[in-house]
Amino acid sequence: MSEISYVIKYDLNQTVEEAYNVLRANIQFCESSKKITTLAVTSYSPGEGKSTTSINLGISMAKAGMKVLYVDADIRKPMPFKYFMSTNLKGLTNYILGQAELNEIINKTDIDGFDFITCGIKTNNPVELITSDRFSNLIREVRQIYDTVIIDTPPLGSVIDAAIIAAQVDGTIIVIEANAVRCQNALRMKEQLVKANANILGAVLNKISKSEYKNYYGSYDYYNSRKKYMKKWSQLIKNLKSLKRGEYD
Ligand SMILES: Nc1ncnc2c1ncn2[C@@H]1O[C@H](COP(=O)(O)OP(=O)(O)OP(=O)(O)O)[C@@H](O)[C@H]1O
Ligand SMILES: [Mg+2]
């Protein structure tokens, strides 16, 4: 592993940090029969918050004493400095192409227990790479080392990568940007994941405003006071949650 320990900018306010802690707890307790070690995070559209959710969730887990690896598998947009000020140019694609060993692509951070792998160099054949034995080997190897491996993927509304990855991990989380994605598209994405035999753990409703958040969690008069659209999104999340692996078989 690289000797450098990268500094992570982590200055969430208490409410936001608590939201990630709740997400962590929900994942830890969602399937008692099967431990969720490898986790894919996806969304329908770009920019809904997959990476933000993956990283903050990973940090929340690390702060709770877990050993966590974040893997940037959005290899169509290879930007090694996207989220971390990493000087290590070797990442996931370099490993898959046999240009680097596992210990050369794992980076440490100043947050104890939180390591990351960047996406690596750009390639012309992303699907070939994530369907390769080297990629499944990597997943197999890192799950022996870490309590949780969080795999950040490209948006499923644009490319198939997330479904391929979701099929190889223990659980998948869907990030939905409130008021930005049509219910129909979110459900279409869910069907695609179910067809790929993904184990959908649930959805994260992201980027809700402070007042909406308060409306959702802060009021005892919740059922009377929530706005109309919240009903729609709650229903969507219920639909996403109720469908598990195999229900489409
Ligand atoms: N809960 C949130 N509240 C406010 N801003 C957010 C939230 N989540 C993400 N963002 C912001 O939205 C933008 C996109 O987030 P992010 O990069 O995590 O999305 P993404 O789904 O990974 O995007 P891409 O598909 O391009 O990889 C960033 O500027 C990020 O800071
Ligand atoms: Mg991203």
Side-chain angles (χ1 to χ4, degrees), residues 1-12 16-17 20-21 23-24 27 36-42 47 49-123 126 129-130 132-154 161-162 164-166 168-173 175:
M1 195 185 302
S2 151
E3 283 311 303
I4 303 170
S5 178
Y6 294 99
V7 176
I8 305 281
K9 189 172 159 282
Y10 185 74
D11 53 5
L12 301 181
V16 176
E17 192 166 5
Y20 288 112
N21 291 341
L23 175 61
R24 161 173 55 83
I27 292 165
I36 305 292
T37 304
T38 50
L39 191 66
V41 178
T42 193
K50 296 175 290 297
S51 304
T52 306
T53 304
S54 305
I55 294 166
N56 288 329
L57 171 65
I59 293 173
S60 165
M61 287 173 162
K63 286 188 163 207
M66 297 166 75
K67 204 165 156 41
V68 183
L69 178 68
Y70 164 86
V71 181
D72 185 358
D74 190 353
I75 59 178
R76 293 176 191 257
K77 259 197 312 187
M79 293 154 68
F81 318 113
K82 215 168 6 179
Y83 308 108
F84 311 103
M85 296 309 286
S86 172
T87 50
N88 181 4
L89 294 177
K90 289 184 178 169
L92 180 62
T93 51
N94 301 89
Y95 172 84
I96 300 174
L97 292 166
Q99 299 168 351
E101 294 305 317
L102 188 57
N103 62 3
E104 291 178 86
I105 61 166
I106 296 180
N107 305 290
K108 277 188 297 191
T109 71
D110 61 336
I111 296 172
D112 209 19
F114 184 73
D115 296 346
F116 68 91
I117 294 178
T118 61
C119 45
I121 54 160
K122 190 172 167 55
T123 66
L129 259 54
I130 54 171
S132 69
D133 288 346
R134 288 278 290 183
F135 184 67
S136 17
N137 282 348
L138 178 126
I139 295 180
R140 234 190 334 267
E141 278 198 49
V142 292
R143 66 177 300 136
Q144 309 298 326
I145 308 170
Y146 291 90
D147 298 312
T148 306
V149 177
I150 301 175
I151 306 181
D152 189 4
T153 68
D161 308 20
I164 298 170
I165 294 170
Q168 302 184 53
V169 294
D170 303 327
T172 297
I173 294 175
V175 176

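Treat the numbers as computed from the prediction; the structure is a model and nothing was measured.
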Check: Which pair of non-hydrogen atoms, one from Cys119 and one from Ile75, has the smallest distance, and what is that distance?
Finding: O-CG2, 3.8 Å
Notebook entry, point to check: Which value, rounded to the nearest 0.5 Å, describes the distance between Leu92 atom CG and Leu138 atom CG?
Noted result: 6.5 Å
Check: CG of Asn56 to CD of Glu17: how many Å apart, nearest 0.5 Å?
Finding: 9.0 Å
Notebook entry, point to check: Is there a donor-acceptor pair closer than 3.5 Å between any side-chain N or O of Thr109 and the backbone N or O of Asp115?
Noted result: no
Next item on the list: Could you pull out the closest heavy-atom pair between Ile111 and Ala62, with the gap in Å?
Entry: CG2-CB, 4.2 Å
Notebook entry, point to check: Salt bridge or not for Arg143 and Asp170, using N-O below 4.0 Å?
Noted result: yes
Checklist line | Met85 side chain near Val7 side chain, heavy-atom distance below 4.5 Å | finding: no
Margin query: Just so I know, are the side chains of Ile139 and Val149 near enough to count as touching, which here means a heavy-atom distance under 4.5 Å?
Written below: no
Margin query: I'd like to know if the side chain of Asn107 and the backbone of Phe116 have a donor-acceptor N/O pair within less than 3.5 Å.
Written below: yes
Next item on the list: Indicate yes or no: at least one non-hydrogen side-chain atom of Leu57 is less than 4.5 angstrom from one of Ile27.
Entry: yes
Note to self: Nearest 0.5 Å, please: how far is OG1 in Thr37 from CE in Met66?
What the structure shows: 8.0 Å
Check: Checking Thr93 side chain against Ile121 main chain: does a donor-acceptor pair fall under 3.5 Å?
Finding: yes
Margin query: Tell me the closest heavy-atom pair linking Arg76 and Lys122, and the distance in Å.
Written below: O-NZ, 3.9 Å
Next item on the list: Carefully, step by step, assess Tyr6 and Phe84 under the rule ring-ring contact (aromatic ring centres under 6.0 Å, His included).
Entry: CA-CA 7 Å; Tyr6 294 99; Phe84 311 103; 8.3 Å; no
Check: Side chain of Arg134, backbone of Leu129: donor and acceptor closer than 3.5 Å?
Finding: no
Item checked: Ser51-Asp152 side chain donor-acceptor pair, cut-off 3.5 Å -> yes
Note to self: Using every non-hydrogen atom in the two residues, find where Glu141 and Tyr95 come nearest and quote the distance to one decimal.
What the structure shows: OE2-OH, 3.8 Å
Notebook entry, point to check: Can you tell me how far CG of Asp74 sits from CD1 of Ile165, rounded to the nearest 0.5 angstrom?
Noted result: 9.0 Å
Next item on the list: Report yes or no: does Gln168 contribute a side-chain atom to a donor-acceptor pair with the main-chain N or O of Ile130 at less than 3.5 Å?
Entry: yes
Check: For Thr42 and Ala162, which heavy atoms make the closest approach, and how far apart are they?
Finding: OG1-CB, 3.2 Å
Item checked: Atom of Thr118, atom of Lys90 and distance for their closest heavy-atom approach -> OG1-O, 3.9 Å
Next item on the list: Indicate yes or no for a side-chain donor-acceptor contact from Asn21 to the backbone of Ser60 under 3.5 Å, with no hydrogens or angles considered.
Entry: no
Notebook entry, point to check: Looking at CD1 of Ile117 and CD1 of Ile106, how far apart are the two atoms once the value is rounded to the nearest 0.5 Å?
Noted result: 4.5 Å
Next item on the list: Kindly compute the distance separating OG1 (Thr148) from CD1 (Ile36), expressed to the nearest 0.5 Å.
Entry: 9.5 Å
Check: Does the side-chain contact (heavy atoms from CB on, under 4.5 Å) test come out yes or no for Tyr20 and Ile59, once each step is laid out?
Finding: CA-CA 9 Å; Tyr20 288 112; Ile59 293 173; over 6 Å; no
Check: With a cut-off of 6.0 Å (strictly less than), are more than 12 heavy atoms of other residues, nucleotides or ligands near CG of Asn137?
Finding: yes
Checklist line | Check: Asp110 side chain, Ile8 main-chain N or O, donor-acceptor pair, under 3.5 Å | finding: yes
